[in-house]
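The analysis underlying the following values was restricted to heavy atoms, covering all of them including side chains, and did not include hydrogens, waters or symmetry mates. Here the structure is a predicted model, which is why all the values come from computation and not from measurement. Chain naming here is simple, since letters A, B, ... match the order of the sequence lines and numbering starts at 1 in each.
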Amino acid sequence: MPNPIATPPADEHTLLERAQALAGYTLAELAARANLPLPANLKCDKGWIGVLLERFLGASAGSKPEQDFPDIGVELKTIPIDDRGRPLETTFVSVAPLTGNSGVTWESSHVRHKLARVLWIPVEGLREIPLGERHIGTPLIWSPSPEEEELLRRDWEELMDLIVLGKVESITARHGEVLQLRPKGANSKALTQAIGEFGQPIMTLPRGFYLKKTFTGPLLARHFHL
DNA sequence: ATTTGATCATCT
DNA sequence: AGATGATCAAAT
C-alpha cells in the first residue's frame, strides 16, 4: 500500500514507479491513507482526484502556473475512463491568453509546453460507480508524436488567430479538430479582458484549451492495445 | 482576478 | 448518448 510522498521525484523513472504503485487501488483506499475525507461525489469537488494523486506522486502542491513536476518537465493529468478504457471527459490543458499575444508562436505556447511530456493516469469515472470504489488504472508517460503535434499546432494557430483578431466571442467548442476552446471560469459572471472585434478592450469569459476525446481516446487505446 | 485541479448538467 | 457551455473549490 503506497503512502503520500512530499518529495518531488528525482527523475521520470521514479515518477512512473510511484504512479505504477497506485494502479489497482481504489480512491477510498488512497483517501484513507492520505487522511483526506472522501467526498460523496465530485459535484462540489471536481478536482479532488487530481489533488489526491498529487500527494502520492510528490507534485508541488498548490496552484502554481507551471508544470506539476517542473524539475523533470512532466505534467500530470488524471483522465476519467469508462469500462472499456475510453475517456469520459475532455482534458483541460491551460488557460488561453486573450491579450498580449502579439508575436506568440506555437513553439513558445503554454499548450505545447504543458503537453511536451504528460503522465496520464486513467481513473474509473462512470458515475454509477461510487467515488470510493473507483480504481486507479495503469499510468502512461507520453509525448506527442510528430503527427499529433502537427494536429495540435494547427488547431492552436487557428484559435489564436481568432483571439488576436478580436473574434474570441465567435469561437465555439466546435472549432478545432483535437484542441477546442471553451469557458474556464468560476461561472458565467466571471470576466476577463480580451480584444473586441474592432480591436478595443472587451470583457469576456475566461477560456481554456481542452483536448477532445477524439485525441485522448486513441492515445490511450494505442498504448493499452484496446 | 487568475491558475491550479477538473466534472457537471443542459441541450441538441 | 454525447458534446457544449457552465460550474465548483483551493491556492495565490
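No donor-acceptor pair closer than 3.5 Å links the side chain of Asn101(A) to the backbone N or O of Val104(A). A donor-acceptor pair under 3.5 Å links the side-chain atoms of Lys212(A) to the main chain of Gly176(A), judged by distance alone. A side-chain donor-acceptor contact under 3.5 Å links Asp155(A) to the backbone of Leu179(A). Between the side chain of Asn187(A) and the backbone N or O of Ala190(A), at least one donor-acceptor pair lies under 3.5 Å. With His223(A) contributing its side chain and Leu220(A) its backbone, the two residues share no donor-acceptor pair below 3.5 Å. A donor-acceptor pair under 3.5 Å links the side-chain atoms of Lys77(A) to the main chain of Phe92(A), judged by distance alone.
Residues of residues 167-191 of chain A having a heavy atom closer than 4.0 Å to DNA chain B, listed by number: Arg182(A), Lys184(A), Leu191(A). Annotation: proximity of residues 27-53 of chain A to DNA chain B (heavy atom, distance under 4.0 Å) is found for Leu42(A), Lys43(A), Lys46(A), Gly47(A), Gly50(A), numbered in ascending order. Contact check of residues 121-137 of chain A against DNA chain B (heavy atom, cut-off under 4.0 Å) returns Arg127(A). Within residues 66-76 of chain A, the residues that place at least one heavy atom under 4.0 Å from DNA chain B are, in residue-number order, Asp68(A), Glu75(A).
In this model, a donor atom of one side chain and an acceptor atom of the other lie less than 3.5 Å apart for Trp142(A) and Glu148(A). Residues Thr90(A) and Arg182(A) bring a donor and an acceptor atom of their side chains to less than 3.5 Å of each other. Using modelled atom types and a 3.5 Å distance limit, the side chains of Gln193(A) and Thr99(A) yield no donor-acceptor pair.
Atom C1' of nucleotide dA10(C) and atom CZ of Arg55(A) are separated by 11 Å, given to the nearest angstrom. At whole-Å resolution of the value, CD in Glu89(A) and P in dC8(C) are 16 Å apart. Per the geometry, CZ belonging to Arg86(A) stands 11 Å off C1' belonging to dA1(C), to the nearest Å. Distance Asp82(A) CG to dG2(C) C1': 12 Å, rounded to the nearest Å. The separation between Lys77(A) atom NZ and dT7(B) atom C1' is 13 Å, rounded to whole Å. In this entry the distance linking CZ of Phe92(A) with C1' of dG5(C) reads 15 Å, nearest Å. Atom CG in Leu211(A) sits about 16 Å away from atom C1' in dT7(B), given to the nearest Å. When the C1' atom of dA6(B) is taken as reference, atom NZ of Lys213(A) falls 14 Å away, rounded to whole Å.
Val93(A) is connected to Leu140(A) through a chain of hydrophobic side-chain contacts under 4.5 Å among Ile, Leu, Val, Met, Phe, Trp and Tyr, so both are in one cluster.
Taking a 6.0 Å sphere around CZ of Arg55(A), one finds it holds 12 or fewer heavy atoms contributed by other residues, nucleotides or ligands. In the displayed structure, Glu157(A) atom CD is contacted under 6.0 Å by more than 12 heavy atoms of other residues, nucleotides or ligands.
Between Glu149(A) and Arg112(A) a salt bridge is recorded (basic side-chain N to carboxylate O distance below 4.0 Å). A salt bridge between Arg33(A) and Glu29(A) is absent, with no side-chain N of the basic residue lying under 4.0 Å from a carboxylate O of the acidic one.
Residue contacts for Pro206(A): at a heavy-atom cut-off of 4.0 Å it reaches no nucleic acid atom on any strand shown. Counting non-hydrogen atoms under 4.0 angstrom, Thr90(A) reaches a base of the nucleic acid.
With contacts defined as side-chain heavy-atom distances shorter than 4.5 Å, the pair Thr204(A)/Leu98(A) qualifies. Looking only at side-chain heavy atoms (C-beta outward), Arg117(A) and Ile141(A) come within less than 4.5 Å of each other.
Scored by the salt bridge (charged side-chain N to carboxylate O under 4.0 Å, His left out) test, Glu124(A) finds no partners at all (sequence neighbours excluded).
Side-chain nitrogen and oxygen atoms of Thr78(A) include at least one within less than 4.0 Å of the OP1 or OP2 phosphate oxygen of dA6(B).
One N or O donor and one acceptor, one from the side chain of Tyr210(A) and one from the base of dA6(B), sit under 3.5 Å apart.
An end-to-end axis angle of 30° holds for the helix from dA1(B)-dT12(C) to dT12(B)-dA1(C), taken from five base pairs per end and rounded to 10°.
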